[in-house]
Protein chains: 2
Amino acid sequence: MARPQAPRGHGRRRVIDAAVELFAEHGVRGTSLQMIADHLGVTKAAVYYQFHAKEDIVLAVLEEALEEMAAFVTAAESESSPDAAATAALRGLVDLMVSHRKAVAALMRDPEVERIMAAHADLESLVRRLATLLLGPSPDLRRRIAVSVVGAGVAQAGIDPLLADVDDESLRAELLRLAPAMLARS
Amino acid sequence: MARPQAPRGHGRRRVIDAAVELFAEHGVRGTSLQMIADHLGVTKAAVYYQFHAKEDIVLAVLEEALEEMAAFVTAAESESSPDAAATAALRGLVDLMVSHRKAVAALMRDPEVERIMAAHADLESLVRRLATLLLGPSPDLRRRIAVSVVGAGVAQAGIDPLLADVDDESLRAELLRLAPAMLARS
DNA sequence: GTCTATAGATAGATAGAC
DNA sequence: GTCTATCTATCTATAGAC
């Protein structure tokens with residue numbers, strides 16, 4: 001092993017994992033690079049070696065989460081009917097939220113994350129594509145509200161501390177039952 | 001400039017209003033006292049005259065929002081059946097979220113707000129009472145997840161920038177239709 | 001690759017003049 | 001009640017030794 005130190009050359013991975021955990025608890029602005037460094041048992045300068053700026057860490061966390069979203073959004077877009085596309089998108093969303101509960105807690109509705117996303121058109125357009133799929137071809141008010149409620153609800157269920165004891169499979173099963181029913185009646 | 005300040009005697013009100021607006025956009029930690037002061041056209045020291053600490057501003061915003069919640073929670077608790085209580089609580093929640101959309105955006109899931117609330121038992125217990133009402137006497141997994149989804153969904157609908165064009169009355173009507181239906185099937 | 005040391009900016013908060 | 005001035009702490013980020 002030529003690798004000098006740390007549990008491998010996976011410095012970036014360790015920083016990202018620590019960041020997700022701390023972002024989820026304190027928010028992005030509430031998490032200093034010092035906190036990330038302390039969490040890893042290294043110094044701030046060591047973190048700056050992996051990421052040249054705090055924003056780059058947020059971007060790395062964000063891109064990792066959105067990579068999976070890009071996959072199911074693209075797949076859903078090639079469904080034959082708008083209804084099938086919306087259903088596929090909703091299933092993909094539930095899967096993503098359930099399998100990345102901590103990352104969702106770290107990223108959802110953090111003003112700093114929103115600011116950074118707004119500055120990166122490619123990330124924002126992906127979310128818009130997902131919204132378009134869920135809304136369907138001609139969204140009326142009822143549909144728009146239902147999409148908003150379902151989207152936030154699914155995300156919250158994955159985050160909610162009161163549901164922390166619920167295992168991923170049970171949560172996924174319930175959400176896959178509840179969410180489509182909510183959209184169907186809109 | 002004959003007058004020393006705009007609406008005299010309303011210093012606290014003006015600070016609270018400015019804080020809600022800035023908190024909603026930047027989060028609590030992303031809003032400095034300097035930003036609040038600039039928004040009001042005064043200096044930081046002038047803000048500190050009204051509130052001795054930033055946390056006190058957050059508390060003031062929080063207490064104002066929770067005052068209304070205390071009213072409908074107490075009313076719901078005196079309903080005759082658990083079902084009637086849950087329905088009343090849900091209606092109260094929808095009303096609160098729709099009539100205080102900006103304050104909700106400022107407070108919901110801000111890690112700093114959560115920290116401050118956790119330090120004030122009276123504020124936290126109110127939220128717990130609301131959760132108890134919505135969950136009903138013997139909440140199974142399905143019910144717990146539905147409550148989480150509905151609660152977050154209702155809040156999000158009030159906040160969502162994509163629904164900013166929807167007037168309060170239309171939003172309230174749709175939510176009062178959608179939310180109870182979601183709980184009913186759980 | 002990790003460290004010490006530090007720069008430069010800004011945060012929250014206080015004292016005291018007017 | 002609002003100001004100027006300032007304190008202290010902490011933040012992001014960089015430079016350079018090992």
Side-chain angles (χ1 to χ4, degrees), chain A residues 1-23 25-62 106 110-116 119, chain B residues 1-23 25-62 106 110-116 119:
Chain A
M1 303 298 182
R3 298 289 166 266
Q5 214 228 325
R8 294 170 313 270
H10 295 67
R12 285 178 65 98
R13 248 272 62 78
R14 296 184 67 228
V15 170
I16 291 177
D17 291 342
V20 166
E21 191 153 325
L22 292 167
F23 289 169
E25 185 172 351
H26 306 285
V28 172
R29 291 205 79 131
T31 302
S32 68
L33 292 175
Q34 187 68 67
M35 290 165 73
I36 295 176
D38 290 349
H39 193 89
L40 295 172
V42 299
T43 62
K44 271 192 296 182
V47 176
Y48 269 107
Y49 175 78
Q50 305 288 352
F51 294 94
H52 296 164
K54 187 182 181 182
E55 178 164 333
D56 292 343
I57 302 178
V58 179
L59 269 176
V61 175
L62 209 43
D110 189 302
E112 192 69 4
V113 172
E114 278 172 24
R115 199 185 57 74
I116 292 174
Chain B
M1 331 291 186
R3 82 181 73 173
Q5 100 181 28
R8 274 206 53 97
H10 296 73
R12 284 178 65 98
R13 249 273 60 80
R14 295 183 69 229
V15 170
I16 291 177
D17 290 342
V20 166
E21 191 152 324
L22 292 167
F23 288 168
E25 185 172 350
H26 306 285
V28 172
R29 291 205 79 129
T31 302
S32 67
L33 292 174
Q34 187 68 68
M35 290 164 73
I36 295 176
D38 289 350
H39 193 89
L40 294 174
V42 298
T43 62
K44 270 194 296 183
V47 177
Y48 269 108
Y49 174 78
Q50 306 287 352
F51 294 94
H52 296 160
K54 187 182 180 182
E55 178 164 332
D56 292 342
I57 302 178
V58 179
L59 270 177
V61 175
L62 209 44
D110 189 304
E112 193 68 6
V113 172
E114 277 172 24
R115 200 184 57 73
I116 292 173

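All chains are named by letter (A, B, ...) in the order of the sequence lines, taking the proteins before the strands, and each is independently numbered beginning at 1.
The separation between B:Tyr48 atom OH and C:dA11 atom P is 11 Å, rounded to whole Å. One can place CE of A:Met35 at 8 Å from P of D:dC11, the figure rounded to the nearest angstrom. The distance from atom CD of A:Gln50 to atom C1' of D:dA13 is 16 Å, rounded to the nearest whole Å. The interatomic distance linking B:Leu40 (CG) with D:dG1 (P) rounds to 15 Å, in whole Å. C:dA13 atom C1' lies 12 Å from atom NZ of B:Lys54, rounded to whole Å. Rounded to whole Å, atom P of C:dT14 lies 15 Å from atom CZ of B:Phe51. Here the P atom of nucleotide D:dC11 and the CD atom of A:Glu112 are 15 Å apart, to the nearest Å. The distance from atom CZ of A:Arg29 to atom P of C:dT10 is 12 Å, rounded to the nearest whole Å.
Looking at B:Asp110 and B:Phe23, their side chains never come closer than 4.5 Å, going by heavy atoms from C-beta outward.
Ranking D:dT12, D:dC3, C:dG12 by closeness to the B:Ala46 side chain, first place goes to D:dC3. Listed nucleotides C:dT2, D:dG1, C:dG12 differ in distance to B:Lys44; the shortest reach to its side chain belongs to C:dG12. Of the candidates C:dT2, D:dA13, D:dA15, the closest approach to any side-chain atom of A:Ala45 belongs to D:dA15. In this structure, the nucleotide among D:dT4, D:dA13, C:dA11 sitting nearest to the side chain of B:Gln34 is C:dA11. The side chain of A:Ser32 lies closest to D:dT12, out of D:dT12, C:dT2, C:dA13. Closest to the A:Leu33 side chain, of the nucleotides C:dC3, C:dA13, D:dA13, is D:dA13.
Listed here is the closest heavy atom pair of A:Val113 and A:Ala106: CG2-O, 4.5 Å. Residues A:Arg29 and B:Gly30 share a closest heavy-atom pair of CD-CA, 3.5 Å. Residues B:Leu33 and B:Tyr48 approach most closely at CD1-OH, 2.7 Å, considering heavy atoms.
Atom CD1 of A:Ile36 and atom NZ of A:Lys44 lie 11.5 Å apart (nearest 0.5 Å).
The phosphate of D:dG1 (OP1 or OP2) has a side-chain N or O of B:Tyr49 nearer than 4.0 angstrom.
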